[in-house]
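Below is one structure, written out as structure tokens; comments come after it.
Being a predicted model, the structure only gives us computed values, none of them experimental.
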Amino acid sequence: MNPVNIAKTSRFPHLKADFAASLVVFLVALPLCVGVAVASGVPAELGLVTGIVGGIVTGLMRGSSLQVSGPAAGLTVLVFEAVQEFGLPALGVIVLVSGLLQIAMGALRLGRYFRAISVSVVEGMLAGIGLVLIAGQLYSMAGAKAPESGLAKIAGLPEALVTSLGDTGALASLVLGAGTIAVLVLWKRMPAKVRTVPGPLAAVGLATLAVLVFSMPVATVEVRGLLGSIQPPPLGEFGELASVGLLGTVIAFTLIASAESLFSAAAVDRLHDGPRTEYDKELVAQGAGNAVCGVLGALPMTAVIVRSSANVAAGARTKASRVMHGVWLLLFAALLPSVLAYIPLPALAGILVHAGAKLVPLRAIATLWREHRGEALILVVTAVSIVAVSMFEGVLIGLALAVVKTAWEASHIRVQVIDKGAGPVRVYLSGNATFLRLPKILDDLEALPQDRPVELDLTGLHHLDHACRTALETWAERHSAVGPEPVKVREPHPEPATAA
């Protein structure tokens, strides 16, 4: 063997595997980057810019070695709302500040704490996003304008469908979008050799071919050129940070993008036996990528499970594969931007409808309902709240419900009444006495006979909050005033002091 080849092999032992994987990820990412951008209401090229930054900038940094970052369907709804409310120039400010916050959280080692967020809230968040995404993109498939609110989108679908059936152009658009979804669903059943072409690329390619061959009257992607689409946010836009609404959007971007990326990292770690994710460093890497995207006025990024799983399945061994996929996106955007003008919008809408459907975990909901109904309720309430109200408020409602559920379960209390018919009635309390269980405790105590002495034993309590202590003291005073003798109370054992 040639000594030069031996040196290259020893220096880059996985170059061949990573190169092949990078091509697969590039072919998967290309239609998704364009589709997410169009659905977000921004130029298609900005989706490619985010994919390029996700590959080259975030890809080079430490954190998770095999997960791939780029524009995500999970942020499409939030980005669209932000662009509609604050304008495209403000999007760069939002993404830049969100990225800086992610870097700060990673530097403060807060990345690991995202694993403490209830999985049901995260799945509910993704399900809500998926439902709004599906509803909105079905209008795009039919060549119609979608209403603004999530409920209006869903409620107006039947009318939009009926209207499209009577319009030749809308019907052609709907058929093309439906065909794209059908290709994506059936692609996994094709022979292995055929499936070497990624499903999203095949679906868009076939849809584009159908439009060209049959001269279908459908809308296609508008091309502005890569450099023409990059617009750094003007300095005047930073004054909008004084707006409460914009700050709320920044917080929503930061938390949702961080949670989605770190949950994706945990999922990717289960797919391979390589180095595990360093969560704080991954959060810094995501923040750096978003900061660069903000400076360029592009879309926000997250780690994307579809591209990441494709990367692992294609045999990637190091982060070189995701960096090279960013290079291929850059070469495509620089050398072949005019190709985008042939891509039909209904096909991109179909891809996002399919992606949105994957965000709705119907099987997980059914399993949770059988095993953990409280968690299933949190998931459903979070999703419905996002559809009915908005993304930010929906997530807050889900988090609040998860906290209440945890507090309720943690405040388990047992009230045991022992009445032997003669002598004092003995009442034993054990567990955690918090205000959440106060109604049950008082109901049991007030049902005791008032003409008998009572002994209240609190030694079995692990925790007694102020509200419960006050209520018990008040009850004991009232019962002592009417009973034959004062209530005898045995206090909880004090917790042992820790050594200094």
Side-chain angles (χ1 to χ4, degrees), residues 72-78 81 113-136 149-155 157 248 251-264 266-267 270 302 305 353 355-415 431-443 462-463 465 467-468:
L75 286 177
T76 301
V77 176
L78 193 58
E81 291 176 354
Y113 293 107
F114 276 87
R115 289 179 288 179
I117 297 177
S118 168
V119 176
S120 297
V121 174
V122 176
E123 290 185 340
M125 174 191 76
L126 295 176
I129 293 170
L131 291 172
V132 177
L133 184 62
I134 291 169
S149 72
L151 286 178
K153 285 183 175 74
I154 294 174
L157 280 175
I251 294 171
F253 268 66
T254 304
L255 295 179
I256 293 171
S258 301
E260 190 170 341
S261 295
L262 298 183
F263 272 88
S264 171
R270 291 195 292 268
T302 72
I305 190 63
V353 167
K358 288 184 174 181
L359 295 177
V360 183
L362 293 178
R363 292 183 180 177
I365 293 173
T367 302
L368 277 177
W369 186 254
R370 289 193 300 268
E371 299 175 0
H372 306 284
R373 292 197 174 185
E375 296 295 327
L377 183 64
I378 291 172
L379 192 159
V380 172
V381 169
T382 303
V384 172
S385 299
I386 288 173
V387 173
V389 188
S390 72
M391 171 83 67
F392 190 49
E393 285 84 351
V395 172
L396 290 180
I397 290 170
L399 287 173
L401 192 59
V403 170
V404 170
K405 173 183 173 291
T406 302
W408 180 262
E409 291 178 345
S411 62
H412 174 75
I413 187 75
R414 184 184 179 203
V415 181
N432 297 302
T434 70
F435 70 94
L436 292 173
R437 301 290 184 168
L438 198 48
K440 170 183 171 52
I441 297 171
L442 291 178
D443 285 346
H462 304 300
H463 175 70
D465 71 9
C468 274

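Not a single side-chain contact (heavy atoms from CB on, under 4.5 Å) links A400 to another residue, sequence neighbours left out. Scored by the salt bridge (charged side-chain N to carboxylate O under 4.0 Å, His left out) test, K358 finds no partners at all (sequence neighbours excluded). Every residue two or more places apart in sequence or in another chain that forms a side-chain contact (heavy atoms from CB on, under 4.5 Å) with R370 is listed here: A366, T367. Annotation: side-chain contact (heavy atoms from CB on, under 4.5 Å) contacts of L396 (sequence neighbours excluded): F392. The salt bridge (charged side-chain N to carboxylate O under 4.0 Å, His left out) test applied to E375 returns K405, not counting sequence neighbours. In this view, A364 and E123, P361 satisfy the side-chain contact (heavy atoms from CB on, under 4.5 Å) rule, not counting sequence neighbours.
Taking all atoms of both residues into account, the shortest heavy-atom contact from V121 to G398 is CG2-O, 3.5 Å. Closest of all the heavy-atom pairs between A135 and L157 is O-CD2, 3.9 Å. Looking at every heavy atom in both residues, A467 comes nearest to F435 through CB-CB, 3.9 Å.
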Can I get a per-line list of side-chain donor-acceptor pairs under 3.5 Å for residues 381-388, giving both atom names and the distance, sequence neighbours left out?
from: T382; atom 1: OG1; to: I378; atom 2: O; distance (Å): 2.7
from: S385; atom 1: OG; to: V381; atom 2: O; distance (Å): 2.7

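At least one side-chain heavy atom of L78 sits less than 4.5 Å from a side-chain heavy atom of I256. Using a 4.5 Å cut-off on side-chain heavy atoms (C-beta onward), S258 and L255 make no contact. Counting only heavy atoms from C-beta outward, the side chains of L368 and S120 approach each other to under 4.5 Å.
To the nearest 0.5 angstrom, T76 atom OG1 is 8.5 Å from I129 atom CD1. Within the model, atoms CG of L438 and CG of D465 stand 8.0 Å from one another, a figure rounded to the nearest 0.5 Å. Atom CD1 of I134 and atom NZ of K153 lie 13.0 Å apart (nearest 0.5 Å). E260 contributes atom CD, which lies 7.5 Å from atom CG of L359 (distance to the nearest 0.5 angstrom). Between H463 atom NE2 and N432 atom CG the span is 7.0 Å, to the nearest 0.5 Å. Atoms CZ and CD1, on R414 and I441 in that order, are 14.0 Å from each other to the nearest 0.5 Å.
Judged purely by atom type and a 3.5 angstrom limit, R373 uses its side chain to pair as donor or acceptor with the backbone of W369.
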